[in-house]
Amino acid sequence: MQGYTQRIREAAKRLLAEKKVDVVMGFRKGTIPFMNEPFLAKSPEQVDQLLWDGNCGINLANYLSGRKDRIGIVAKGCDSRNIVVHLLEYQIKREQLYILGAPCHGMIDGRRITEELAGKEPLQVEEENGRIRVSGKGFEESFDRKQYLQENCAICMHRNPVVYDELVGDLVEEQRDVDRYADVREVEGLSPEAKWKYFEDLIAPCIRCYACRNACPVCYCPTCFVDESRPQWVGKTVDPTDTRTFHFLRAYHVAGRCTDCGACERACPVGIKMRQFTKKLEKDIKEMYGYEAGVDPESRPPLDTYRPDDPRDFAK
Amino acid sequence: MSEIYIAKDKFPSVLGQLMGKCPVFGPVLQGKFHEFGRLERPEDVDLGYGNTRLSPKALFHPQAEKMFDFSLSKGDPEAGILKETPKDFRPRVILGIRPCDARAFQLDDRNFDTDSVRDPWWVRRRETTTLVGLACNTPGSTCFCTSVGTGPFDKTGLDVLMVDVGEGYLFQASTKKGEEFLAGLSAGEAVSGSVAEKADALKKGAEGSMGTQFSVDAIVQNPTLDLFNAAFWDEVQFSCINCGTCTFVCPTCWCFDIQDEVYQEKGSRIRLWDSCMFPLFTFHGSGHNPRSQKLQRVRQRFMHKLKYYPEKYKGGVACVGCGRCVRQCPVNIDIRHVARLMSASCVCPT
Amino acid sequence: MSQWEPKIVAFMCSWSSYPGADYAGLSRLAYPPNIRIIKVPCAGRINPKFILSALRQGADGVWISACHPGDCHYMEGNLYASRKFALMKNFLEHTGIEPGRVHFSWVSATEGHKFAQTAKEVVDSVKALGPARHMIKKEAEVA
């Protein structure tokens, strides 16, 4: 993936110099391991800060909502799908964008690697030939990249960008035989009480910082339901029922729009696996309405349309 | 001030005796992260930890706390009268807190305990709590306490400093409360010369490994308006997603909101953490929002910690260098980087 | 001690199911009195927040009733509603609300009989489950 960085910089330099775009959105090197910072290059001189590696997990489509300028944007598979969602929801115009497609090899789950290190602090991270080399004071360890991808990346079926103007690397082979919903089915098999308990434990550490909501590219409402006061739908403390209401409605609100980019889980400071909520909705939408979010710029989102033959066996 | 030594093999029983006398809180492994919790058994405490995921501020300033309860029942003669919610103010010990986090409480005192305003609950909890800190022998890579006026062995915020010297712990009292605490411990031994030497070497090693990452003085000397209008904020703010993570994990972020929650015929007045990162934080009833833009909110957080606070209280910045926001920020906004930007433009008097 | 009776919040389309309830009354049809009707201009108006809000305030069950497919006063509001409801119902049940607490029906303005019959079915189904146990906000459980 070293080549990506070079090609992103070349393209960004060219686009800015030719004034095809006003800014280029990408990543620059982070200050801590497993972390890069979203970065907006505004001039050709800033372009050399742009880079690409396995720590560019934040979804850049999040920064597009409501922008008026012309933007060059580096987009992996999920970013590109969220660009499609933005286009469908009129958050950005296609002609504003010059998409630098980055075929993705999956993003690294730095937390899991840090756990494996059992207290040793990672200081340097390098990727090479499918391995992740992590070193710190007095140690160096190597991990198989494939085994330490973010959970959503491990089951991703759209690693190649679905829309782009130019690629910064060769297209990758898409994963085919992936069981995306093994975990959802497991919960489906539980009793109602066990299901309630499962989600209660899942969200127990929540501190209501809203990092999951704010990291999400499809959460751009001018006023979120948690901030509405007349009526106040949900209390603002860490009361378990309020926390449940927040997570439930947040997930429901992204139904049919969520691309499983994993930004929410990545952002969560207390490690909540909130994709367990959104994946159920994703599965149902796929099964009932045959829809996948952000794949087709032509078809309407599932809650914005209907078909005469929709399953309605629940209705009396 | 007095000091004692307790061997590690005797420590659990000492702790057990202490727990018999008063509630003891300490770092406990909860799931994948350490948090401060009430110790049920001596073995619950994990003093081999780096630092807790969340800061211990919730022990004094809970994320959500009922202040008052009230009834709205029509027949109730006391309907509509606020009654203080009972709280637990028993004397307690917080064991194993890091010196930086303890120092943070002193910085917060300047907000909660002033000549003109005293927060009764904060003040009582501070009075009834003995802080027994654990020195950091190996500070983490995101720690920068020595750059902001505290340190891995800083005693200023503590009643007692504990140093892990390998076979046992050295306890050094630095307040009257700390003296009393040590006097109440049973298995204390006199401190030998070698233990004192070892602790001293650990202190030098820890402090030496950190260095100074930016100059607080330079920020303080920079004119406020120059900083306020500086061009770098635009670059700093770009990646911010305006979540409340940095403020919620921060030991010195004390801002709160007050909400009334009503359920049928009764209700409570609740105090809960708020965050200057949220647009609602400054949203006026009129519909005007003086900090409606992300840039304004991001700038406010750093300016408050590193510029307004030292200007107002003349006693150091409102940051203790624990590094939690650095590690937890989902988009890698690093306060050390911002502080360097804020100090760099300064033309210091020679 | 008096026997427990469920409270059910019913969101009814003002063009079909609400007049359907009227028609049941006009026809002197008996149906269980556990239902609190909230009239909405169209089933498509029902935000999932409404359902959650009813449960949070202690409703033991929720019933949504709309125009038959093809009969919507606004052409298609009921069909959007049915998609929204299908996902919502599955999602509630996936996260621990028992199947049988939330219901959906098509009842037209002339179907007094169907209204009374469905009301009975909804109430029986909720009664069988007993009082709601989850999602109820009684007071803030905080420090």
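Basis for what follows: all heavy atoms, side chains included, without hydrogens, waters or symmetry-related copies.
- Note on residues 279-289 of chain B: no pairs pass salt bridge (Lys or Arg N to Asp or Glu O under 4.0 Å), not counting sequence neighbours.
- Interface summary for chain A: among B:Val249, B:Leu280, B:Ile270, B:Ile333, the most heavy-atom pairs under 4.5 angstrom belong to B:Leu280.
- With a threshold of 4.5 angstrom between heavy atoms, B:Phe238 approaches chain A through its backbone and through its side chain.
- Using a 4.5 Å heavy-atom threshold, the side chains of A:Cys212 and A:Phe246 count as touching.
- Proximity of B:Cys136 to B:Cys143: side-chain heavy atoms (C-beta onward) are nowhere separated by under 4.5 Å.
- Looking at heavy atoms from C-beta onward, B:Asp108 lies out of side-chain contact with B:Phe60 at the 4.5 angstrom threshold.
- Considering only heavy atoms from C-beta on, A:Leu97 comes within 4.5 Å of A:Ile71 through its side chain.
- For a residue to count as touching a neighbouring chain, one of its non-hydrogen atoms must lie under 4.5 Å from one of that chain's; by this rule A:Ile32 touches chain B with backbone and side chain alike.
- With a threshold of 4.5 angstrom between heavy atoms, B:Phe278 approaches chain A through side-chain atoms but not through N, CA, C or O.
- Proximity of B:His304 to B:Cys276: side-chain heavy atoms (C-beta onward) are nowhere separated by under 4.5 Å.
- For A:Phe34, no part lies under 4.5 angstrom from a heavy atom of chain B.
- When heavy atoms are compared at a cutoff of 4.5 Å, B:Cys240 approaches chain A solely by way of its backbone atoms N, CA, C and O.
- Interface residue B:Cys329: only backbone heavy atoms are found under 4.5 Å from chain A.
- Between A:Val238 and A:Cys206, the closest side-chain pair of non-hydrogen atoms is not below 4.5 Å.
- With sequence neighbours left out, A:Phe225 forms a ring pair (Phe, Tyr, Trp, His ring centres under 6.0 Å) with no residue at all.
- Both the backbone and the side chain of A:Ile207 come within contact range of chain B, each with at least one heavy atom under 4.5 Å from a heavy atom of that chain.
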Step through the atoms of chain B and chain A and list each donor-acceptor pair whose separation is under 3.5 Å.
{"residue": "B:Arg53", "atom": "NE", "partner": "A:Pro269", "partner atom": "O", "Å": "2.4"}
{"residue": "B:Arg53", "atom": "NH2", "partner": "A:Pro269", "partner atom": "O", "Å": "2.5"}
{"residue": "B:Gln63", "atom": "NE2", "partner": "A:Ile207", "partner atom": "O", "Å": "2.7"}
{"residue": "B:Ser141", "atom": "N", "partner": "A:Glu121", "partner atom": "OE1", "Å": "3.0"}
{"residue": "B:Ser141", "atom": "N", "partner": "A:Glu121", "partner atom": "OE2", "Å": "3.2"}
{"residue": "B:Ser141", "atom": "OG", "partner": "A:Glu121", "partner atom": "OE2", "Å": "2.7"}
{"residue": "B:Asp234", "atom": "OD2", "partner": "A:Lys42", "partner atom": "NZ", "Å": "2.3"}
{"residue": "B:Glu235", "atom": "OE2", "partner": "A:Arg28", "partner atom": "NH1", "Å": "2.6"}
{"residue": "B:Glu235", "atom": "OE2", "partner": "A:Arg28", "partner atom": "NH2", "Å": "3.3"}
{"residue": "B:Ser239", "atom": "O", "partner": "A:Tyr63", "partner atom": "OH", "Å": "2.4"}
{"residue": "B:Ser239", "atom": "OG", "partner": "A:Glu37", "partner atom": "OE2", "Å": "3.2"}
{"residue": "B:Ile241", "atom": "O", "partner": "A:Asn214", "partner atom": "ND2", "Å": "2.9"}
{"residue": "B:Asn242", "atom": "O", "partner": "A:Asn214", "partner atom": "ND2", "Å": "2.5"}
{"residue": "B:Gly244", "atom": "N", "partner": "A:Cys209", "partner atom": "O", "Å": "2.9"}
{"residue": "B:Gln259", "atom": "OE1", "partner": "A:Gln232", "partner atom": "NE2", "Å": "3.1"}
{"residue": "B:Asn332", "atom": "OD1", "partner": "A:Thr31", "partner atom": "N", "Å": "2.9"}
{"residue": "B:Asn332", "atom": "ND2", "partner": "A:Thr31", "partner atom": "OG1", "Å": "3.0"}
{"residue": "B:Asp334", "atom": "OD2", "partner": "A:Thr31", "partner atom": "OG1", "Å": "2.6"}

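- The ring pair (Phe, Tyr, Trp, His ring centres under 6.0 Å) test applied to A:Phe27 returns no partner, not counting sequence neighbours.
- No side-chain heavy atom of A:Val24 sits less than 4.5 Å from a side-chain heavy atom of A:Phe39.
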